[in-house]
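Every chain is numbered from 1, with letters handed out A, B, ... down the list of sequences. Model, not experiment: these values are computed from the prediction. Reckoned from all heavy atoms, side chains included, excluding hydrogens, waters and symmetry mates.
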Amino acid sequence: MASGAMETEIGRPIERHKRLVDGLLEGARYSPRDAMPDYSHLDELENQSIFILREAFNKFSNLAMLWSIGKDSSVLLWLARKAFFGHVPIPCVHVDTNYKIPEMIAFRDRVADQWGLDLVVGQNKAALEAGTTFPQGTASRIECCTFLKRDGLQQVIEDNNFEAVILGIRRDEEGTRAKERYFSPRTKTFEWNFRDQPPELWDQFKTDFEPGTHLRIHPLLHWTELNIWEYIDREQIPITSLYFGDEGTRYRSLGCAPCTSGVQSNAVTVPEIIEELRNTNVAERSTRAQDQEAEDAFERLRASGYM
Amino acid sequence: MSHQDLKPFRVVIVGHVDHGKSTLVGRLFHDTGSLPDGKKEQIEAQCERRGVPFEWAFLMDALQAERDQNITIDTSQIWFNTDKRPYVIIDAPGHREFLKNMITGAASAEAALLLIAANEGVQEQSRRHGYLLSLLGIKQVTVIVNKMDLVDHSQTVFDEIESEYREFLGQIGLEPREFIPISAREGDNIASKSANTPWYEGSTIVEALDSFEAIAPLNDLPLRLPIQDIYRFDERRILAGRIEAGSLKVGDDLVFLPDRKVGTIKSIERWAAPSQDSAEAGESVGITLTDQIFVERGHVAVHKEQQPPVTNRFRANVFWMGARPLEEGRNYRLKLATQEVDCKVGVIERVIDASSLDMEAGTFVNKDDVAELILETRRPVALDVHSDIETLGRFVLVDGYDVSGGGIVIEPLPLVAEDAEKAADRIVQPQERQLRNGHISGVVRLHGRPGAGRTTIARALDRELFNRGIQAVVVQEADVQAGSLPDVVAALTRAGHVAILDVDSNEDLGFIETTLFGRVFEVALSAPADVCASRTHRSVEGFELPPSTFVTVPTDKIPVKETLGILLEKLLPEIRREWSVVAGNL
Ligand SMILES: Nc1nc2c(ncn2[C@@H]2O[C@H](COP(=O)(O)OP(=O)(O)O)[C@@H](O)[C@H]2O)c(=O)[nH]1
Ligand SMILES: [Mg+2]
């Protein structure tokens, strides 16, 4: 199934990429092919995610969507436009750690402007000013994530009184996410009680809460990394150029510049990325340093409220 | 590859704790070359650190507590491929304490592998899980006899387990596809046939997986479109929902249940997708109608010729997951597709121990047990018998804030008039009145400049709410001349009414929510000063709309009828919504 409306300007390679994809035409990253591959297996995922987004929108009046600028949350944003017929009636929150790769911010502002998003940018200014960061600063890698991302998010949520936040996490990313629910309650202080999660069956989600509970909603939970790229290809969703190969490396997962590295890759189009993923045995988050610190580093981060 | 072969097939692995479920998943990944690079080394290091022999289960048991206690706590899902197709493997915990996690995992599966350890044989959770699979509607079940290495790969042991468990499944009407002897830890009969079981001629695990049949979409059934929401983001009024069965096309006449209003499909709305005049089961769609009839979340759109039963009483099979037992006579909230309604447990006909299949009469159902019972809903709901249309034949029960039970509809019963509440030896509580009325009480306070349409809207809203059985009443200036406004609305709220305020007021009405269990809805009619001035031929300067509002309606831009539509869409779900919580507090 090919897609209709596509915002061409945003699909255009930005600075760094222009020299790299030299000769590739606008949109050529997507499908310079005779016919689109059979992507019909994505229909069920798409319909399910739309269903979840609509449930969330119906049940919570003060709802926000976390937009990390990466591929997953860009797909999430696209699905929101599908769910709400071209509109994004939910504010999009970006937690800016100040260490994001500059292209990401440029991309964010262009998309937000073009799609008329209600963009809310959060930042833990106190931590940045106090210098409790990593590697420049006094914090360890994990503390830095805690301060800049978790606390940054918590602040935006408190400032705006958001009852629930939609996040683009997936089960196949790592072990603790594989155990998540679509609608996942957190305590006021953001803790995740993963030992006692609500049952979730037949798409009936937990939507009744004791006051003070905060909710995480995960519409992409059941997608895989490969599905994300297949969907980007099918729908021709604009995506930041950092994911595409540049002199033999590309980003597979985007985080903060100091803690994210590239993978070896020559993939410069979406179909090439898809081909690469079909043949890899390397875990997606292997380039995210905070996951590798200790066996349970990521679990502890998540239990305390990290996305 | 065909379409069905591109879509990951969902298989759940269930069985008694320690029988080797997590180990099987780890081994399956290894033997089919699906482990990410470095994963095996990582697990080796984790085992070494704990001073235990290599554990395949650590692949799935990602939580610290799980690895430390060597037990699966929560369900988890992981992807892998055979040569035939991709799979999602759902690992479910086997410990009784975590049954609701097992149910969460199994509810989304298309088929199940049920593990029984050869050295321990059929155990309590082996049976309980088997029963729950049948209640969850999972028909494809293959039984795996694991740890054959501990019984010297004995065919006799295998045969005994097979006949015992086959008989058990027979009692609950489940026909297993096959029984497979394996050793998960040693890799026997996982990806290839093992020399250790020369007497066995059936499938390996991989072959058994590949032989499961993908479940076809429910296109050929009667149409069931439960309405999820109504959108007015632009000039279109779109009814959104997922088609749970059947199909629809532009021009179809739809009946909206339970009200039985009729509307014709004008268009099927999609964004960034090829436009098409029809839609099928599984699609999250949007439709517009040629006429503007009142439709709200929870209505179910069907074709006239193929309507489901609409009733307030039905027989169901329920499994209970709540810490507090399910009780005869108690109120719960029923969620069936997008319908949400309070219900009462009528008669519990029999309570079934899901493990022993012992049946007895009883007035309550404990956690992890199953019962056949009669549910009575406060308002009629549209439903199907589970064996006809499963998506409209299953539901959950919410106790207080928690989803505590799941069930399937066995038989709809004739609609009945409601029983009178049992008389109690105490003062009637505000919540009781709300329960009786079927809606919460409180205040809808209309704000607007003179000329914004306050009186017109108040009267019309009163009529609309009245028509829907809601006890509403308009309060005007004359009504509050003798007493203070808070006193008047307090009395009305206590009496179970929804007071529509057509008066100038800015008093704090917070006490309605904190002490009277009511709700306050601030509604702004936002026609601007110049429009109001020209309507009333008077200056209306100096008026400020309150900052925090429930809904703002631009009464200068839209006609009264539409204003009412917006108010009803917003108000009705709220007014009817929260009273299961109310009931739980009684
Ligand atoms: N001897 C033997 N032990 C096994 C086999 N499969 C699993 N085990 C052991 O049984 C224990 C429980 O396994 P686990 O996979 O955690 O069981 P689960 O609770 O069903 O997930 C672990 O110590 C495994 O090493 C097997 O085929 N043979
Ligand atoms: Mg286990």
Inset, instruction - Tell me whether the centres of the aromatic rings in A:Trp223 and B:Trp79 are closer together than 6.0 Å. - result: no

Which atoms of [X] are under 4.5 Å from chain B, going by heavy atoms: the side chain, the backbone, both sets, or neither?
X	answer
A:Phe205	backbone
A:Glu44	side chain
A:Phe209	backbone

Inset, instruction - Could you tell me whether A:Glu200 and B:Lys100 make a salt bridge, using a distance below 4.0 angstrom between a side-chain N and a carboxylate O? - result: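 Salt bridge: no.
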
Inset, instruction - Inspect the contact between B:Arg242 and A:Asp203 and indicate whether a charged nitrogen and a carboxylate oxygen are less than 4.0 angstrom apart. - result: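 A salt bridge links A:Asp203 with B:Arg242.
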
Legend entry - Toward chain A, the part of B:Val88 with a non-hydrogen atom under 4.5 Å: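 Contact with chain A: side chain only.
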
Short question: side chain of [X], backbone of [Y] - any donor-acceptor pair under 3.5 Å?
X	Y	result
A:Lys206	B:Tyr401	yes
A:Lys82	B:Ala272	yes
A:Asn47	B:Ser284	yes

Inset, instruction - Could you walk me through whether B:Asn81 and A:Arg278 pass side chain to side chain contact (heavy atoms under 4.5 Å, CB included), step by step? - result: CA-CA 11 Å; B:Asn81 295 294; A:Arg278 288 211 172 105; over 6 Å; no

Inset, instruction - Would you check, one step at a time, whether the test side chain to side chain donor-acceptor pair (under 3.5 Å) holds for B:Asn101 with A:Arg181? - result: CA-CA 10 Å; B:Asn101 297 339; A:Arg181 300 288 185 269; 3.0 Å; yes

Inset, instruction - Please report the shortest heavy-atom distance between A:Pro199 and B:Thr104, naming the atom on each side. - result: CA-OG1, 3.2 Å

Inset, instruction - Return the minimal non-hydrogen interatomic distance between B:Gly241 and A:Arg54, and the atom names on each side. - result: N-NH1, 3.8 Å

Inset, instruction - Answer whether the closest heavy-atom distance between the side chains of B:Glu283 and A:Glu46 falls below 4.5 Å. - result: no

Legend entry - Min side-chain heavy-atom separation A:Asp43-B:Lys7 under 4.5 Å: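 They are not in side-chain contact.
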
Legend entry - Pairs of heavy atoms under 4.5 Å with chain A: top-ranked of B:Leu336, B:Thr338, B:Asp229: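 Max contact count across the listed options: B:Asp229.
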
Inset, instruction - Go through B:Met321, B:Arg297, B:Arg270 and name the one with the most non-hydrogen pairs under 4.5 angstrom from chain A. - result: B:Arg297

Inset, instruction - Answer yes or no: does atom CD of B:Glu44 have more than 12 heavy-atom neighbours from other residues, nucleotides or ligands under 6.0 Å? - result: yes

Inset, instruction - Describe, in one word, how the ring planes of A:Trp202 and B:Phe319 are oriented to each other, choosing from parallel (under 30°), tilted (30 to 60°) and perpendicular (over 60°). - result: perpendicular

Inset, instruction - Classify the angle between the aromatic ring planes of B:Tyr231 and A:Phe84 as parallel (below 30°), tilted (30 to 60°) or perpendicular (above 60°). - result: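 Taking A:Phe84 first and then B:Tyr231, their aromatic rings stand perpendicular (interplane angle over 60°).
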
Legend entry - Atom pair CZ (B:Arg236) and CZ (A:Phe85), whose distance is rounded to the nearest 0.5 Å: 7.0 Å

Inset, instruction - Show your reasoning for whether side chain to side chain contact (heavy atoms under 4.5 Å, CB included) applies to A:His222 and B:Arg10. - result: CA-CA 11 Å; A:His222 204 59; B:Arg10 295 185 301 266; 4.1 Å; yes

